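Nothing here was measured: the structure is a model prediction, and the numbers come from that model.
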Amino acid sequence: MTLKIGSFVINCRDFDKTYKFWQEALHYVPRRPPGQGWVVLKDPTGTSPNVSVNQTEELKFGRNRMHLDLYATDQKAEVERLIKLGATIHKPAKQGEDFVIMADPEGKLFCVVQIPHSSTDKVASAERQAPSR
């Protein structure tokens, strides 16, 4: 069982401006072309976590402006472990979604994303076209 930071997610209104800024600032490259207000930017050397940019209608300040996506090889076990540590489920995964939205003990949100079991490149396959979170 493993759990690691897969991506820091930045919510924004101006998607093009925001993702282009972070792409240039970090010298990252898109995993796939941006689409539907979502892009995962990756470190070309593969040594640092991804930065994802997510377009939202309303910017939420405080606990939901930026959050972690934690990639799990066993999402259910990790969610149970995190609950024992004091986290709560903020929003369970809907049908077809690969992520559970959780809150840390102070209410800050993060996601636990299931990495596909059958993929040879599990981290690359964990990328998804995510809805606004």
Side-chain angles (χ1 to χ4, degrees):
M1 176 169 39
T2 63
L3 186 66
K4 68 177 188 168
I5 296 171
S7 189
F8 291 95
V9 181
I10 301 170
N11 293 327
C12 67
R13 281 192 205 161
D14 188 335
F15 177 75
D16 288 332
K17 183 177 180 181
T18 302
Y19 100 78
K20 289 175 183 175
F21 169 81
W22 286 109
Q23 181 177 352
E24 291 299 317
L26 300 172
H27 305 290
Y28 274 25
V29 296
R31 281 219 166 142
R32 292 189 207 160
Q36 299 179 338
W38 173 259
V39 68
V40 176
L41 300 173
K42 67 177 186 170
D43 174 3
T45 67
T47 58
S48 296
N50 298 322
V51 172
S52 300
V53 180
N54 180 44
Q55 185 175 27
T56 61
E57 291 295 318
E58 176 184 333
L59 281 184
K60 298 174 184 172
F61 294 92
R63 70 178 189 170
N64 197 31
R65 190 163 187 192
M66 189 180 288
H67 70 267
L68 292 175
D69 275 0
L70 302 176
Y71 291 4
T73 56
D74 184 346
Q75 182 187 55
K76 183 179 178 189
E78 290 297 341
V79 167
E80 289 172 7
R81 185 178 72 84
L82 293 166
I83 288 171
K84 288 178 185 174
L85 294 174
T88 57
I89 295 177
H90 179 75
K91 180 181 160 212
K94 293 180 184 176
Q95 181 69 29
E97 292 180 340
D98 62 353
F99 61 93
V100 174
I101 301 174
M102 299 190 73
D104 74 6
E106 291 186 330
K108 293 182 294 300
L109 302 180
F110 63 95
C111 294
V112 179
V113 181
Q114 176 63 54
I115 296 173
H117 296 288
S118 62
S119 173
T120 56
D121 183 3
K122 292 179 181 180
V123 173
S125 295
E127 175 189 334
R128 70 218 180 278
Q129 295 297 318
S132 296
R133 295 182 257 180

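No continuous path of ILVMFWY side-chain contacts below 4.5 Å connects Val29 to Val40, so the two sit in separate hydrophobic clusters.
Side-chain atoms of Gln23 never come within 3.5 Å of backbone atoms of Pro30 as a donor-acceptor pair (strictly under, hydrogens ignored). Checked by atom type and distance alone, the side chain of Asp69 never pairs as donor or acceptor with a backbone atom of Gly6 at under 3.5 Å. For Glu78 (side chain) and Thr73 (main-chain N/O), no donor-acceptor pair under 3.5 Å exists by modelled atom type. Looking at Glu97, its side chain does come within 3.5 Å of a backbone N or O of Lys94 through a donor-acceptor pair.
The heavy-atom pair separating Val112 from Gln75 by the smallest distance is O-NE2, 2.7 Å. Closest non-hydrogen pair, Ala103 versus Phe110, comes out as C-CE2, 3.7 Å. Across all non-hydrogen atoms, the minimal contact from Tyr19 to Leu41 is O-CD1, 3.8 Å. The minimum heavy-atom distance linking Thr47 with Thr45 is given by the pair OG1-OG1, 2.9 Å. Contact between Arg13 and Gln55 at its shortest, heavy atoms only, is O-NE2, 3.1 Å.
Applying the ring pair (Phe, Tyr, Trp, His ring centres under 6.0 Å) criterion to Phe8, with sequence neighbours excluded, gives no partner residue.
No side-chain heavy atom of Met102 sits less than 4.5 Å from a side-chain heavy atom of Leu70. Between Trp38 and Val9, some side-chain heavy-atom pair lies under the 4.5 Å cut-off.
Remark: Asp104 CG to Thr88 OG1 distance equals 8.5 Å, nearest 0.5 Å. Lys4 contributes atom NZ, which lies 13.5 Å from atom CG of Leu68 (distance to the nearest 0.5 angstrom). One finds the CZ atom of Arg81 at 16.0 Å from the NZ atom of Lys76 (value rounded to the nearest 0.5 Å). Atoms NE2 and NE2, on His67 and His90 in that order, are 10.5 Å from each other to the nearest 0.5 Å. Interatomic distance, Phe21 CZ to Leu26 CG, rounded to the nearest 0.5 Å: 8.0 Å. Between the CH2 atom in Trp22 and the OG atom in Ser52 there is a gap of 12.5 Å [rounded to 0.5 Å].
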| task | I would like to know whether Leu3 and Leu82 meet side chain to side chain contact (heavy atoms under 4.5 Å, CB included); could you show each step before the answer? | result | CA-CA 11 Å; Leu3 186 66; Leu82 293 166; 4.3 Å; yes
